[in-house]
Each structure stands twice: as structure tokens, then as C-alpha cells.
A.B. asks: 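Questions regarding the structure given below will be posed in turn.
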Amino acid sequence: VAVQTNYTFSSATSSNVNYVLGASIEKDIRKFKLGLGVSYSNLSSKTQLQANASIFWYPKGNTNLVFGAQLTVLSQSSDVHYIPSIESTFKAAKKLWISAHVLYGDLTNTTEMNGQLVNNITDKTIYRTGSTLFYTMSKNLILHLTYWYSLRQSNYVTYSDTYTYTTTYSNYNNHLLAIGIKYNL
């Protein structure tokens, strides 16, 4: 007896509305800056609630040297992700600052920098590390040069028959290089 499997493909147009609503507060206490943030979003047709707490230490009392840590908690459906990160910034020259960071955790459907950066990819981020150079060009212009390295994981499914499948996980590297100019009023 021969078994024949017929597959049908159809196309459909759908409309998704993605949004992020967020708020944050910060408080300076001597040489420390404490921060709390929360966001509510709908990314990839899933609802997320995200909260973070951060602490930054300015040992010299200014931006010549800064150490910081942040813990982000993301709740999506029944999944909860904890994402710790640390960073350090120091003044390397009169108009040049260098910042470095390390972040560990799955960034799928998370937001960063008060919703300015949205991670709505389907691949899992295992960790990310990177550095940013800030160069003050004038009183109002700051040049940013950023490099991020991420280790990510994707998966693909193969079917050996109609009912049996295998999921294979594959790690890959992702590199980001970004240049930007910020204008301060």
C-alpha cells in the first residue's frame, strides 16, 4: 500500500500592530544613579511585560569613570527571562569616551534604551558583548561608533515522516557595526 501525502500552500495577508509603551525613573544619590523601568509591548503577536533595575557608580563623581549593572526581567506568556548586564565607561581623551558592556540572556521580544531598540527576532540570543566610542565633535554634536558581537541560536525542523520530526539547534555569530550622530539642543 503506497501512502501519498499532499501538501497545500496558500498565501494570506495579515496585519500586525507592534507597539511598546514604557516609563523609567532615575535618582541620583551622591556618586550613584539608581534606575527603575517598566514596559508593556506587543511584538510578534505576543504580549510582553518587562521590568528592569539598574545602578551606576561614578567613583570620581563625574563621567570620567562609570561602572553599571542592570537586571531585566521579561514575562511573555508563561516564559520568564532574566537578563543581567554590566558595563563600564571611561574618558580616554579630552573629547573621547569608551564604553564596554556584557549582557547574558535571551533578548527575543525585549526592548532596550527605553524602547528605542526592539529585539523582535525569532532567534535566541545567548550573550552579547560590545563597545561604543563617543566623540564630542562640538558643543551640540556627538559621534557614536558602536560594535556588538552576539552569539545567537537558531533552530530548524526536519521531518522523517508525517508524524516524526527533529529539531536541530545551531549557534551562529552576529556582528553589528553602527555609526551615529547625536544632536543635543
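As the structure is a computational prediction, the values presented were derived from the model and not from experiment.
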A.B. asks: Is there a donor-acceptor pair under 3.5 Å between the side chain of Q48 and the backbone N or O of K46?
C.D. replies: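 Judged by distance alone, yes, a pair lies under 3.5 Å.
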A.B. asks: Report yes if some heavy atom in the side chain of K27 is under 4.5 Å from a heavy atom in the side chain of I25; otherwise report no.
C.D. replies: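 The answer is no, as the side chains (C-beta and beyond) never meet within the 4.5 Å cut-off.
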A.B. asks: Evaluate Q50 against S41 for side chain to side chain contact (heavy atoms under 4.5 Å, CB included), listing each step before the verdict.
C.D. replies: CA-CA 8 Å; Q50 181 175 306; S41 58; over 6 Å; no
A.B. asks: Would one find more than 12 heavy atoms of other residues, nucleotides or ligands at under 6.0 Å from atom OH of Y172?
C.D. replies: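 More than 12 within 6.0 Å, yes.
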A.B. asks: If you round to the nearest 0.5 Å, how far is CG of L36 from CG of L34?
C.D. replies: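 Reported value, rounded in 0.5 Å steps: 8.0 Å.
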A.B. asks: So which atom in S54 and which in Q70 form the shortest heavy-atom distance, rounded to 0.1 Å?
C.D. replies: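 Scanning both residues, the minimum pair turns out to be CB-OE1, 3.7 Å.
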A.B. asks: For the NZ atom on K124, are there more than 12 heavy atoms of other groups (residues, nucleotides or ligands in this structure) within a distance under 6.0 Å?
C.D. replies: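 Not buried by this count: 12 neighbours or fewer within 6.0 Å.
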A.B. asks: Let's go through V118 and V20 carefully: what are the C-alpha distance in whole Å and the side-chain angles of both, what is the deciding distance for side chain to side chain contact (heavy atoms under 4.5 Å, CB included) to 0.1 Å, and is it a yes or a no?
C.D. replies: CA-CA 9 Å; V118 176; V20 177; 4.3 Å; yes
A.B. asks: Quick one: list whatever passes side chain to side chain donor-acceptor pair (under 3.5 Å) with E26, sequence neighbours left out.
C.D. replies: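 For E26 there are no side chain to side chain donor-acceptor pair (under 3.5 Å) partners, ignoring immediate neighbours.
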A.B. asks: Just wondering, do V73 and L49 contact through their side chains at under 4.5 Å, heavy atoms?
C.D. replies: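 The answer is no; the side chains never approach within 4.5 Å.
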A.B. asks: When you group the ILVMFWY residues by side-chain heavy-atom contacts below 4.5 Å and let the links chain together, are W97 and L141 in the same group?
C.D. replies: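 No, no single cluster joins them.
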A.B. asks: Apart from V102 itself, what residues make up its hydrophobic cluster when side-chain heavy atoms of I, L, V, M, F, W and Y under 4.5 Å apart count as a link, directly or indirectly?
C.D. replies: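 Cluster partners of V102: I86.
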A.B. asks: Start with the C-alpha distance between I83 and L107, add both sets of side-chain angles, then the distance that settles side chain to side chain contact (heavy atoms under 4.5 Å, CB included), and finish with yes or no.
C.D. replies: CA-CA 8 Å; I83 306 164; L107 295 175; 4.0 Å; yes
A.B. asks: With a sphere of 6.0 Å drawn around OH of Y156, does it hold more than 12 non-hydrogen atoms of other residues, nucleotides or ligands?
C.D. replies: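 Count not over threshold, so no.
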A.B. asks: Quick one: do L74 and V80 satisfy side chain to side chain contact (heavy atoms under 4.5 Å, CB included)? Show the steps, please.
C.D. replies: CA-CA 6 Å; L74 171 75; V80 176; over 6 Å; no
A.B. asks: Under 4.5 Å between any side-chain heavy atoms of V17 and N42, yes or no?
C.D. replies: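 A side-chain contact is absent here, since even the closest heavy-atom pair is not under 4.5 Å.
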A.B. asks: Side-chain heavy atoms nearer than 4.5 Å, only ILVMFWY residues, links allowed to pass through others: does that put L71 and L103 together?
C.D. replies: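 In one cluster: no.
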A.B. asks: What's the shortest heavy-atom distance between S45 and N18, and which atoms?
C.D. replies: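 Shortest heavy-atom separation between S45 and N18 comes out as N-OD1, 4.4 Å.
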A.B. asks: Can you list the steps and then say if E112 with T110 is a side-chain hydrogen bond (donor to acceptor under 3.5 Å, both in side chains)?
C.D. replies: CA-CA 7 Å; E112 298 176 68; T110 60; 5.1 Å; no
A.B. asks: Treat each ILVMFWY residue as a node, draw an edge where side-chain heavy atoms are under 4.5 Å apart, and state whether L65 and L133 are in one component.
C.D. replies: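 They do share one cluster, since a chain of ILVMFWY contacts under 4.5 Å joins L65 to L133.
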A.B. asks: If hydrophobic clusters are built by linking Ile, Leu, Val, Met, Phe, Trp and Tyr wherever their side-chain heavy atoms come under 4.5 Å apart, do I181 and I98 end up in the same one?
C.D. replies: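 Yes, I181 and I98 fall within the same hydrophobic cluster.
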A.B. asks: For the CG atom of L143 and the OG atom of S138, what is their distance to the nearest 0.5 Å?
C.D. replies: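 Result: 11.0 Å between the selected atoms.
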A.B. asks: Quick one: are S131 and Y147 in side-chain contact, heavy atoms under 4.5 Å?
C.D. replies: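 Heavy-atom side-chain distance check fails, nothing below 4.5 Å.
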A.B. asks: Can you see which heavy atom on K94 is nearest to which on K91, and at what distance?
C.D. replies: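 Where K94 meets K91 most closely, the heavy atoms are O-CE, 3.1 Å.
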A.B. asks: Please confirm whether the backbone N or O of N184 pairs with a side-chain atom of N140, one donor and one acceptor, at under 3.5 Å?
C.D. replies: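 A pair under 3.5 Å: yes.
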A.B. asks: Which pairs, with at least one residue in residues 138-161 and sequence neighbours excluded, count as a salt bridge (charged side-chain N to carboxylate O under 4.0 Å, His left out)?
C.D. replies: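 Those involving residues 138-161 do not exist here.
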A.B. asks: What I'd like to find out is whether the side chain of N64 reaches to under 4.5 Å of the side chain of Y58, using heavy atoms alone.
C.D. replies: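 Result no, sub-4.5 Å side-chain heavy-atom pair not found.
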A.B. asks: Please round to the nearest 0.5 Å and tell me the distance separating atom OG1 of T132 and atom NE2 of H101.
C.D. replies: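 Output value for this atom pair is 7.5 Å.
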A.B. asks: Between L145 and L177, is there a side-chain heavy-atom distance shorter than 4.5 Å?
C.D. replies: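 Counting from C-beta outward, L177 and L145 do come under 4.5 Å.
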A.B. asks: If I take atom CH2 from residue W57 and atom CD1 from residue I55, how far apart are they, to the nearest 0.5 angstrom?
C.D. replies: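 Nearest 0.5 Å value for the CH2-CD1 distance: 10.5 Å.
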A.B. asks: If you compare all heavy atoms of Y183 against all heavy atoms of L185, which two are closest, and at what distance to 0.1 Å?
C.D. replies: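 Heavy atoms only, the tightest pair is CE2-CD2, 3.6 Å.
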A.B. asks: Going from CH2 on W148 to OG1 on T146, what distance comes out if it is rounded to the nearest 0.5 angstrom?
C.D. replies: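 One finds 7.0 Å between CH2 of W148 and OG1 of T146.
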A.B. asks: Is the number of heavy atoms from other residues, nucleotides or ligands within 6.0 Å of OH (Y40) greater than 12?
C.D. replies: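 No - once you tally the heavy atoms of other residues, nucleotides and ligands closer than 6.0 Å, there are 12 at most.
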A.B. asks: Would a 4.5 Å heavy-atom cut-off, applied to side chains only, mark T136 and F134 as touching?
C.D. replies: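 No, side chains not in contact.
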A.B. asks: Which pair of heavy atoms, one from Y104 and one from I126, lies closest together, and at what distance?
C.D. replies: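 Nearest heavy atoms, Y104 then I126: CD1-O, 3.4 Å.
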A.B. asks: Show the nearest heavy-atom pair for residues K31 and P59, with the distance to one decimal.
C.D. replies: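 Closest heavy-atom pair between K31 and P59: NZ-O, 3.0 Å.
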A.B. asks: Does the side chain of T166 reach to within under 4.5 Å of the side chain of V157, using non-hydrogen atoms?
C.D. replies: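 Answer no - side chains too far apart.
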A.B. asks: How far does NE2 of H81 sit from CD of Q76, to the nearest 0.5 angstrom?
C.D. replies: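 The CD atom of Q76 is 6.0 Å from NE2 of H81, to the nearest 0.5 Å.
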